[in-house]
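Throughout, protein chains are lettered first and strands after them, A, B, ... in sequence-line order, and every chain is numbered starting at 1.
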Protein chains: 2
Amino acid sequence: MRSDDHSPAPEDAKPPPVPEDLAELASVFGLLSDPGRLRLLAALREGERCVGDLAAVAGASDSATSHHLRLLRAHRVVQARRRGRMVLYRIADAHVRLLLDVALAHVGHARAIANPGRESRSA
Amino acid sequence: MRSDDHSPAPEDAKPPPVPEDLAELASVFGLLSDPGRLRLLAALREGERCVGDLAAVAGASDSATSHHLRLLRAHRVVQARRRGRMVLYRIADAHVRLLLDVALAHVGHARAIANPGRESRSA
DNA sequence: TGCACATATGATCATGCGTTCAGATGACCA
DNA sequence: TGGTCATCTGAACGCATGATCATATGTGCA
């Protein structure tokens, strides 16, 4: 026992995460670890988009975009719906949306500390 | 223009994320995409821990753990503090903590849908 | 001061992941 | 029904990332 018992009274009494969930969670985070996919999701925050649009926004090829969307869909990060000959994607649920918001807020906050006096929306 | 203009009225009027932030965010998510590092963070949710403890909890070597913590610290996901000859790590801020909570809730929710009637805390 | 413990670091190697290309599937329209 | 558009799929290549080993730093204690 190195640090005797330093747990200074559980600050929120979080339930110990199921290992099974941790693995799945790691996969989901892995999906979010690509700037391209992040751009896709950022675009999807504004509403449903077809693959071609998303590809254009993310600056990637249709093929790459389709690959990415497939992965995101497999992990329930996005949902797909056919409309004619095109497929419209959207963010799967409120959790994902909130996750992105919190994450963006974090990096914004972190950068605000790193570069004081320089706003996120700097013109 | 493929999907004419389907944005069905911005559901929340999210500010368009700064590309710079997206890159940083992708890096942070990348750090969270490893089950081992996730175990470290899960352990840190319960309070400060030294490297040795964290290594034991995560089932990794001290060296690997140190490497991981270095990365996490570089991206302000965790903070470090010396106490004698050991270094105590903790989660950097409330954002990260919230991020983990939301993410865990997401995978829990997703699995609850996938396996109905099977609780997260299944014995 | 010298030893032992806790942590940090640097280099190397294997593996996974993203991208791309080529081709397949499926839906609309004339 | 043939043609075209939008998307999907499979395979191969190149790069980045994680793990490991050996070693360095730094702190407390006798």
Side-chain angles (χ1 to χ4, degrees), chain A residues 1-6 22-41 43-44 48-75 77-90, chain B residues 1-6 22-41 43-44 48-75 77-90:
Chain A
M1 208 180 280
R2 270 101 157 196
S3 61
D4 315 291
D5 186 299
H6 270 293
L22 280 184
E24 170 61 16
L25 183 51
S27 299
V28 173
F29 278 138
L31 291 178
L32 302 180
S33 70
D34 180 76
R37 281 194 291 261
L38 231 37
R39 274 192 292 274
L40 294 180
L41 292 171
L44 286 177
E48 275 183 329
R49 294 283 182 114
C50 68
V51 178
D53 269 9
L54 291 171
V57 169
S61 70
D62 290 354
S63 179
T65 301
S66 183
H67 278 290
H68 287 163
L69 290 171
R70 178 179 183 72
L71 291 175
L72 291 171
R73 194 170 47 175
H75 286 268
V77 176
V78 301
Q79 275 183 341
R81 153 173 97 98
R82 283 212 89 103
R83 180 174 175 267
R85 53 182 142 184
M86 56 180 76
V87 178
L88 297 180
Y89 283 85
R90 61 174 168 178
Chain B
M1 206 181 283
R2 271 103 156 197
S3 60
D4 316 290
D5 186 299
H6 271 292
L22 280 183
E24 171 61 16
L25 183 51
S27 299
V28 173
F29 277 138
L31 292 178
L32 301 180
S33 70
D34 180 76
R37 282 193 291 259
L38 230 37
R39 274 192 292 274
L40 294 180
L41 291 172
L44 286 177
E48 276 183 329
R49 294 282 183 116
C50 68
V51 178
D53 269 10
L54 290 171
V57 170
S61 69
D62 289 355
S63 179
T65 301
S66 184
H67 277 289
H68 287 162
L69 290 170
R70 177 178 182 73
L71 292 175
L72 290 170
R73 194 170 48 175
H75 287 269
V77 176
V78 301
Q79 275 183 342
R81 153 173 97 95
R82 282 213 92 103
R83 180 173 176 268
R85 54 180 140 182
M86 54 181 77
V87 178
L88 297 180
Y89 283 84
R90 60 173 169 177

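- With sequence neighbours excluded, no residue satisfies ring pair (Phe, Tyr, Trp, His ring centres under 6.0 Å) with A:Y89.
- Taking the side chain as every heavy atom from C-beta outward, B:L44 and B:R49 approach each other to under 4.5 Å.
- Not counting sequence neighbours, the partners of B:S33 by the side-chain contact (heavy atoms from CB on, under 4.5 Å) test are A:F29.
- Here the C1' atom of nucleotide C:dA8 and the CZ atom of B:R73 are 9 Å apart, to the nearest Å.
- An angle of 30°, rounded to 10°, separates the two end axes of the helix from C:dT1-D:dA30 to C:dA30-D:dT1, each defined over five pairs.
- Under the 4.5 Å side-chain criterion, counting only non-hydrogen atoms from C-beta, A:V87 is not in contact with A:L69.
- In this entry the distance linking CZ of B:R81 with C1' of C:dT7 reads 16 Å, nearest Å.
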Per-nucleotide protein contact string for nucleotides 25-30 of chain C (B base, S sugar-phosphate only, - none; heavy atom under 4.0 Å): --SS--
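- Every residue was checked against the side-chain contact (heavy atoms from CB on, under 4.5 Å) condition with B:S66, not counting sequence neighbours, and none meets it.
- Side-chain atoms of A:R39 come within 3.5 Å of backbone N or O of A:A58 as a donor-acceptor pair.
- Look at CG on B:L69: it is 11 Å from P on C:dT9, rounded to the nearest Å.
- Remark: B:R85 pairs with no residue by the side-chain contact (heavy atoms from CB on, under 4.5 Å) rule, at least two apart or across chains.
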Mark up nucleotides 14-24 of chain D, 5' to 3', with B wherever a protein heavy atom is under 4.0 angstrom from a base atom, S wherever such an atom reaches only the sugar-phosphate, and - elsewhere. ----SSBBB--
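- Within the structure, a side-chain polar atom (N or O) of A:R70 is placed less than 4.0 Å from OP1 or OP2 of D:dT9.
- In terms of heavy-atom proximity, A:L54 sits nearest to A:A43 at CD2-CB, 4.0 Å.
- The minimum heavy-atom distance linking A:V78 with A:L41 is given by the pair CG1-CD2, 3.7 Å.
- The backbone N or O of B:H68 sits nowhere less than 3.5 Å from a side-chain atom of B:R37 that would complete a donor-acceptor pair.
- Distances shown here put a side-chain N or O of B:Y89 below 4.0 Å from the OP1 or OP2 atom of C:dA8.
- Contact check for B:L32 versus B:L38: side-chain heavy atoms found under the 4.5 Å cut-off.
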